[in-house]
Peer 1: 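To start, I am sharing the structure in question, which I have written as structure tokens.
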Amino acid sequence: MILEMLPVDGIPTPEDIMAKMPPPERLARGPVVMVECFQQIPCDPCTHACPRQAILPMKDINEIPRVDYEKCNGCGQCISVCPGLALFVVDLTYSEEEALVKLPYEFLPLPAEGQVVAGLNRAGEEVCPARVVKVVATEKMDKTAVIWLAVPKNMAMEVRHLKVKPRGTTVICRCEDVTLEEIEHLIKVEGVRTLEEIKRLKRCGMGPCQGRTCLPLIAREIYRLCGTEPDSLAWPTYRPPVIPLKLGVLAGGGSDDAQA
């Protein structure tokens, strides 16, 4: 059964995966590399990338990489050098409920730290939401970024890719083009709880209407997600003019109607 389906659909079987998993006792001690390289091909960059020589030297360039798990500390320096994007780091000790998965990523735009993305399995299917903990992308990495994802612990051996969800289309602040989804992210992920913080981060309330439309809507979202009554929020200061005026009105001192 091993490798029977890999040449057909490119998806390793559960038996294939089990054969590549680090020992349970090593997984229990912290981050460690998982080499999901299943076929003999002429490729050995990973053996030269590891600063601790945890990926063992090859006698034949066609060998499948072998790992000394006692030497590996899960640094992830090998991830971006693998042409087949087959190296991952798994940390089951990240937190009580979440595991950390470091994986290669070659799409643009890159996700942002703190962003919630869709975690994909090896078949490209969405299996869980995942939170971007860190994005490592340097010129030396040759356009292969390494994304650190926090995933539910039971998904640590499933999530091997991610999908950045499209930007939301519900605009909550028309002056500054801020979407409802961006406001939800600030509140749910970044922990923002006040109108003033949102104003400083997204400029909501700093456009021509001074927040007459968006701030009540944002206050409603804070109430929906956090339970804070809108009346108890500190509202930003409105500065004159409180409504848009034509320059002719300001220059001539007449009413807006007179200048229309």
Side-chain angles (χ1 to χ4, degrees), residues 2 5-6 10-38 46 50 52 54-55 65-80 82 84-107 110-137 144-165 181 184-192 225-226:
I2 299 292
M5 294 305 296
L6 193 63
I11 304 171
T13 65
E15 291 85 355
D16 297 335
I17 302 302
M18 286 296 297
K20 296 297 181 180
M21 286 181 60
E25 59 272 16
R26 177 61 189 84
L27 285 167
R29 294 207 309 267
V32 64
V33 72
M34 187 164 173
V35 179
E36 298 191 14
C37 186
F38 302 99
C46 59
C50 180
R52 300 168 67 92
I55 301 179
R66 296 171 298 119
V67 180
D68 183 340
Y69 294 111
E70 295 304 314
K71 290 183 178 180
C72 178
N73 66 350
C75 70
Q77 290 191 37
C78 57
I79 295 175
S80 65
C82 176
L85 308 181
L87 300 181
F88 307 87
V89 167
V90 177
D91 183 4
L92 297 182
T93 67
Y94 178 67
S95 75
E96 188 173 335
E97 297 182 350
E98 292 180 318
L100 187 70
V101 178
K102 302 178 185 178
L103 51 80
Y105 190 75
E106 293 186 339
F107 291 88
L110 292 173
E113 293 183 8
Q115 185 174 354
V116 176
V117 298
L120 308 183
N121 64 13
R122 297 171 182 86
E125 302 165 333
E126 292 190 24
V127 292
C128 67
R131 176 171 48 85
V132 178
V133 175
K134 189 173 183 178
V135 177
V136 183
T144 301
V146 176
I147 311 297
W148 298 22
L149 289 183
V151 303
K153 193 162 286 190
N154 64 339
M155 289 287 111
M157 294 302 172
E158 291 292 324
V159 173
R160 288 299 178 267
H161 196 47
L162 65 95
K163 181 172 72 174
V164 177
K165 297 182 179 181
E181 289 75 12
E184 288 178 338
H185 176 80
L186 284 178
I187 298 170
K188 293 193 293 187
V189 178
E190 301 293 335
V192 174
L225 297 172
C226 305

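Note that these values count all heavy atoms, side chains included, but never hydrogens, waters or copies made by symmetry.
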Peer 1: Taking atom CE as the centre, does Met21 end up with more than 12 heavy-atom neighbours from other residues, nucleotides or ligands that are less than 6.0 angstrom away?
Peer 2: yes
Peer 1: Could you verify whether a donor N or O on one side chain and an acceptor N or O on the other, from Glu97 and Ser95, lie under 3.5 Å apart?
Peer 2: no
Peer 1: Does some side-chain heavy atom of Tyr105 sit less than 4.5 Å from a side-chain heavy atom of Pro111?
Peer 2: yes
Peer 1: For Val101, run the side-chain contact (heavy atoms from CB on, under 4.5 Å) check against Val151, Val89, Val133, Leu92 and tell me which one passes.
Peer 2: Val151
Peer 1: When rounded to the nearest 0.5 angstrom, what distance separates SG in Cys78 from CZ in Arg52?
Peer 2: 12.5 Å
Peer 1: Got Val159 and Val127 here, is their nearest side-chain heavy-atom distance under 4.5 Å?
Peer 2: yes
Peer 1: Side chains of Cys82 and Cys46: does their closest heavy-atom pair fall under 4.5 Å?
Peer 2: no
Peer 1: State whether Lys153 and Glu96 are salt-bridged, where the test is any N-O pair (Lys NZ or Arg NE/NH1/NH2 against Asp/Glu carboxylate O) under 4.0 Å.
Peer 2: no
Peer 1: Treating Gln115 as the side-chain partner and Ala112 as the backbone partner, does any N or O pair qualify as donor plus acceptor under 3.5 Å?
Peer 2: yes
Peer 1: For a 4.5 angstrom cut-off between non-hydrogen side-chain atoms, does Val146 reach Thr144?
Peer 2: no
Peer 1: Is any NZ, NE, NH1 or NH2 atom of the basic residue among Lys20 and Glu15 found under 4.0 Å from an Asp or Glu carboxylate oxygen of the other?
Peer 2: no
Peer 1: Mind checking the SG-NZ spacing from Cys226 to Lys188? Nearest 0.5 Å is all I need.
Peer 2: 10.5 Å
Peer 1: Quick check for you: to the nearest 0.5 Å, what is the distance between Asn121 atom CG and Glu126 atom CD?
Peer 2: 10.0 Å
Peer 1: Which heavy atom of Ala145 sits nearest a heavy atom of Ala137, and at what distance?
Peer 2: CB-CB, 3.9 Å
Peer 1: For the residue pair Gly74 and Cys72, what are the closest heavy atoms and their distance?
Peer 2: N-SG, 3.3 Å
Peer 1: Any side-chain heavy atom of Met157 within less than 4.5 Å of one from Leu27?
Peer 2: yes
Peer 1: Just how far is it from atom CD of Glu106 to atom CD1 of Ile147, taken to the nearest 0.5 Å?
Peer 2: 11.0 Å
Peer 1: Can you check whether His161 and Phe88 have ring centres sitting under 6.0 Å from each other?
Peer 2: no
Peer 1: Assess whether side-chain contact (heavy atoms from CB on, under 4.5 Å) is satisfied between Ile17 and Met34, documenting all intermediate values.
Peer 2: CA-CA 10 Å; Ile17 302 302; Met34 187 164 173; 3.8 Å; yes
Peer 1: Find out whether Val117 and Leu149 are in side-chain contact, i.e. whether some heavy atom of one side chain is under 4.5 Å from a heavy atom of the other.
Peer 2: yes
Peer 1: Are any of the side-chain heavy atoms of Trp148 and Val136 separated by less than 4.5 Å?
Peer 2: yes
Peer 1: Which heavy atom of Pro129 sits nearest to which heavy atom of Val116, and what is that distance?
Peer 2: CB-CG1, 4.2 Å
Peer 1: Rounded to the nearest 0.5 Å, how far apart are CZ of Arg160 and CZ of Arg122?
Peer 2: 4.5 Å
Peer 1: So which atom in Cys50 and which in Ala54 form the shortest heavy-atom distance, rounded to 0.1 Å?
Peer 2: SG-N, 3.1 Å
Peer 1: A side-chain contact here means heavy atoms from C-beta on lying under 4.5 Å apart; do Pro104 and Leu87 qualify?
Peer 2: no
Peer 1: I'd like to know if Glu98 pairs up with Arg131 as an ion pair, taking the criterion as any Lys NZ or Arg NE/NH1/NH2 lying under 4.0 Å from an Asp or Glu carboxylate oxygen.
Peer 2: yes
Peer 1: Search all heavy atoms of Met155 against all heavy atoms of Cys128 and return the closest pair with its distance.
Peer 2: CG-SG, 3.8 Å
Peer 1: Can you measure from NZ (Lys102) to OG (Ser80) and round to the nearest 0.5 angstrom?
Peer 2: 12.0 Å
Peer 1: Locate the shortest heavy-atom distance separating Val32 from Pro22; write the atom from each residue and the value.
Peer 2: CG1-CG, 3.8 Å
